[in-house]
Amino acid sequence: MAVQNFEYLFLQKIDQEIKIEPKDWMPEAYRKTNVRQISQHAHSEIVGMLPEANWISRAPSLKRKAILIAKVQDEAGHGLYLYSAAETLGTSRDQMINDLHSGKAKYSSIFNYPTLTWADMGAIGWLVDGAAILNQVMLCRTSYGPYARAMVRICKEESFHQRQGFESLLVLSRGTKEQKDMCQDAINRWWWPSLMMFGPKDSESTNSDQSMAWKIKRKTNDELRQQFVDMAVEQVKILGMTLPDPALKWNEERQHYDFGQINWDEFWNVVKGNGPCNKQRLAARKKAHDDGAWVREAALAYAEKMKNIEKQKAA
Ligand code: FAQ
């Protein structure tokens, strides 16, 4: 069949909301952009473990420690589902990890900020998981089957993460003056970087138009960002805290909250590797990979040994 016919069938599937599966014909650019996005998403989950892991040994109670350990482990699981989904497109995990370590592949800008106080754990759960989940609910309907299915499972865990973060902040917001101040300070520091998680504004998003046409993305960066702002403005009232943006104002005509200018210079600076923790995060990931070399070698040796035993049995 000529490529035009394959392409026609592919576009028909997209149009009819039929998922694209690993063995289906797909345009090379569709394959490439899915590998790019899914692997960067996987890297974000894995690098995203670092800022929170920083507080496991200093959690204020056994209960909070257990919750935080479970959350960080969940993020590892998300990374693994996502690497598996990306592998179905024909790129090896080794290649994806090399691309992360060499700086070729990106991961979410948000994880290049430091976690300075315990309240940051609550702020990450509420704001960072909150932003991630809005994006991921949309991705449950993405056109590539393995990615969409991974997202369904991830969203279930992510919504729990968000609620635990909010509950943790709620406890601080009802505590002593120091606890209230710590809660407000964490919200102030994580608010703007959370808005940046949705990516550049639509007019500067290089991938959005094509990704929307292929239904990889169902909502644009600005649409999701607005949805997040509208949600957070209401939730912060329950905390009795404020969001650090004097321009936040309900717009009757738009039926949305207006909000202030994002510092796009800061965003691109972090994306290009010059944020407060970029170097530290990559160094930690490379060290973990190098330290784990013996585990990979042992697993391969064991697999080889088992294969030989099976062969001997069959002979
Ligand atoms: N940081 O043309 P667009 C989580 C890059 S998971 C860094 O608009 P696109 C869970 C973008 O890659 C968080 N780079 O790109 C958790 C592109 O460069 P490229 C991660 C960014 O793909 C919680 C360039 O800028 N979630 O948090 C960022 O259409 C707590 C132009 O941008 C996902 O990855 C950024 N913020 O839209 C874990 C969701 N934004 O690749 C632990 C899946 C943009 O051409 C603890 N990804 N760039 O070289 C997506 O939905 C999309 O990829 C967007 C960007 C929306 C992130």
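Numbering of ligands and ligand atoms starts at 1, following listing order. The chain is numbered in sequence order, starting from 1.
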Among all protein non-hydrogen atoms, which one is nearest to atom 23 (C) of ligand 1, and what is the separation to 0.1 Å? Asp129 OD1, 3.4 Å
How about Gln37 and Lys217: does a side-chain donor come under 3.5 Å of a side-chain acceptor? no
If you measure from each non-hydrogen atom of Val271 to ligand 1, which part falls under 4.0 Å: side chain, backbone, both or neither? side chain
Looking only at non-hydrogen atoms, which of Ser208, Ala132, Gly275 approaches atom 4 (C) of ligand 1 most closely? Ala132
For Glu17, is there an ion pair with Arg141 - N to carboxylate O distance below 4.0 angstrom? no
Atom 42 (C) of ligand 1: nearest protein contact (heavy atom, Å): Glu75 CD, 3.4 Å
Please determine whether the number of non-hydrogen atoms from other residues, nucleotides or ligands lying under 6.0 Å from atom NZ of Lys286 exceeds 12. yes
Count the heavy atoms of every other residue, nucleotide or ligand shown that sit under 6.0 Å from CD1 of Ile309, and state whether that count exceeds 12. yes
With heavy atoms under 4.0 Å as the rule, classify the contact between Ser109 and ligand 1 as side chain, backbone, both or neither. both
Any ring pair (Phe, Tyr, Trp, His ring centres under 6.0 Å) pairs touching residues 227-247, not counting sequence neighbours? Trp191-Phe228, Phe198-Phe228
Identify which of Met197, Glu204, Lys219 has a heavy atom lying nearest to atom 57 (C) of ligand 1. Met197
Side chain, backbone, both or neither: Phe198 near ligand 1, heavy atoms under 4.0 Å: backbone
Within the structure provided, determine whether Arg189 and Thr117 are in side-chain contact (heavy-atom separation under 4.5 Å). yes
Under 4.0 Å between a Lys/Arg side-chain N and an Asp/Glu carboxylate O for Asp222 and Arg225? yes
Between Arg58 and Glu52 (salt bridge meaning N to carboxylate O under 4.0 Å), is one present in this structure? no
What's the shortest heavy-atom distance between Trp55 and Leu116, and which atoms? CZ2-O, 3.4 Å
Does ligand 1 have a heavy atom under 4.0 Å from the side chain of Met49, from its backbone, from both, or from neither? neither
Proximal atoms of ligand 1 relative to Met196 (non-hydrogen, under 4.0 Å): 36 (N)
Please list the nearest protein heavy atom to atom 48 (N) of ligand 1 with its residue and the distance rounded to 0.1 Å. Phe267 CZ, 4.2 Å
Counting non-hydrogen protein atoms only, what is the nearest one to atom 27 (O) of ligand 1? Give residue, atom name and distance. Phe111 CZ, 3.4 Å
If you take the nearest heavy atom of each of Lys217, Met151, Gln37, which one is closest to atom 55 (C) of ligand 1? Lys217
Short N/O distance, under 3.5 Å, between Arg36 and ligand 1? yes
Ligand 1 to Gly199, heavy atom cutoff 4.0 Å, flagged ligand atoms 40 (N), 44 (C)
Could you tell me if the side chain of Asp129 sits less than 4.5 Å from the side chain of Gln164, heavy atoms only? no
Under a 4.0 angstrom heavy-atom cut-off, which atoms of ligand 1 come close to Pro200? 8 (O), 31 (C), 32 (O), 40 (N), 44 (C)
For Gly48, the atoms of ligand 1 under 4.0 Å from one of its heavy atoms are 42 (C), 46 (C)
List in chain and number order the residues that pass ring-ring contact (aromatic ring centres under 6.0 Å, His included) with His101, two or more places apart in sequence or in another chain; answer none if no residue qualifies. His289
Specify the protein heavy atom at minimum distance from atom 24 (C) of ligand 1: its residue, its atom name, and the distance to 0.1 Å. Trp268 CH2, 4.2 Å
Result for ring pair (Phe, Tyr, Trp, His ring centres under 6.0 Å) between Trp214 and one of Tyr30, Tyr144, Tyr147 points to Tyr30
At a 4.0 Å threshold, what atoms of ligand 1 neighbour a non-hydrogen atom of Glu158? 10 (C)
Heavy-atom pairs closer than 4.0 Å: do any link ligand 1 to the side chain of His161, the backbone, both, or neither? neither
Nearest option to atom 10 (C) of ligand 1, as decided by whichever heavy atom of Lys104, Glu45, Lys71 sits closest: Glu45
Element-labelled atoms of ligand 1 that are located less than 4.0 Å from some non-hydrogen atom of Tyr107: 1 (N), 7 (C)
Any N or O of Ser211 that comes nearer than 3.5 Å to an N or O of ligand 1? no
Run through Ile187, Leu172, Thr176 and flag the one making a side chain to side chain contact (heavy atoms under 4.5 Å, CB included) with Met182. Leu172
Can you report which non-hydrogen protein atom sits closest to atom 31 (C) of ligand 1, along with the distance? Thr206 OG1, 3.7 Å
Rounded to the nearest 0.5 Å, how far apart are CG of Leu11 and NZ of Lys13? 11.0 Å
A student checking ligand 1 against Glu52 at a 4.0 Å heavy-atom cut-off should list atoms 46 (C)
Report the part of Asn135 in contact with ligand 1, treating N, CA, C, O as backbone and CB onward as side chain, heavy atoms under 4.0 Å; options are side chain, backbone, both, neither. side chain
May I ask which of Asn207, Thr220, Asn221, Ile46 has a heavy atom nearer to atom 2 (O) of ligand 1 than the others do? Asn207
Which residue holds the protein heavy atom closest to atom 3 (P) of ligand 1, what is that atom called, and what is the gap in Å? Ser205 OG, 3.4 Å
How close does the nearest protein non-hydrogen atom get to atom 12 (O) of ligand 1, and which residue and atom is it? Gln40 NE2, 3.1 Å
Output yes when Lys71 and Glu75 qualify as a salt bridge under the 4.0 Å nitrogen-oxygen rule, no when they do not. yes
Give a yes/no on ligand 1: does His78 have at least one heavy atom closer than 4.0 angstrom to it? no
Using distance alone, determine whether Lys106 and ligand 1 share an N or O pair under 3.5 Å. yes
Pro200 and Asn221, any side-chain heavy atoms less than 4.5 Å apart: yes
Tell me if the centroids of the rings in His41 and Tyr107 come within less than 6.0 Å of each other. no
Go through ligand 1 atom by atom and flag the ones less than 4.0 Å from a non-hydrogen atom of Tyr147. 43 (C)
Does Lys237, at its NZ atom, have more than 12 non-hydrogen atoms belonging to other residues, nucleotides or ligands within less than 6.0 Å? yes
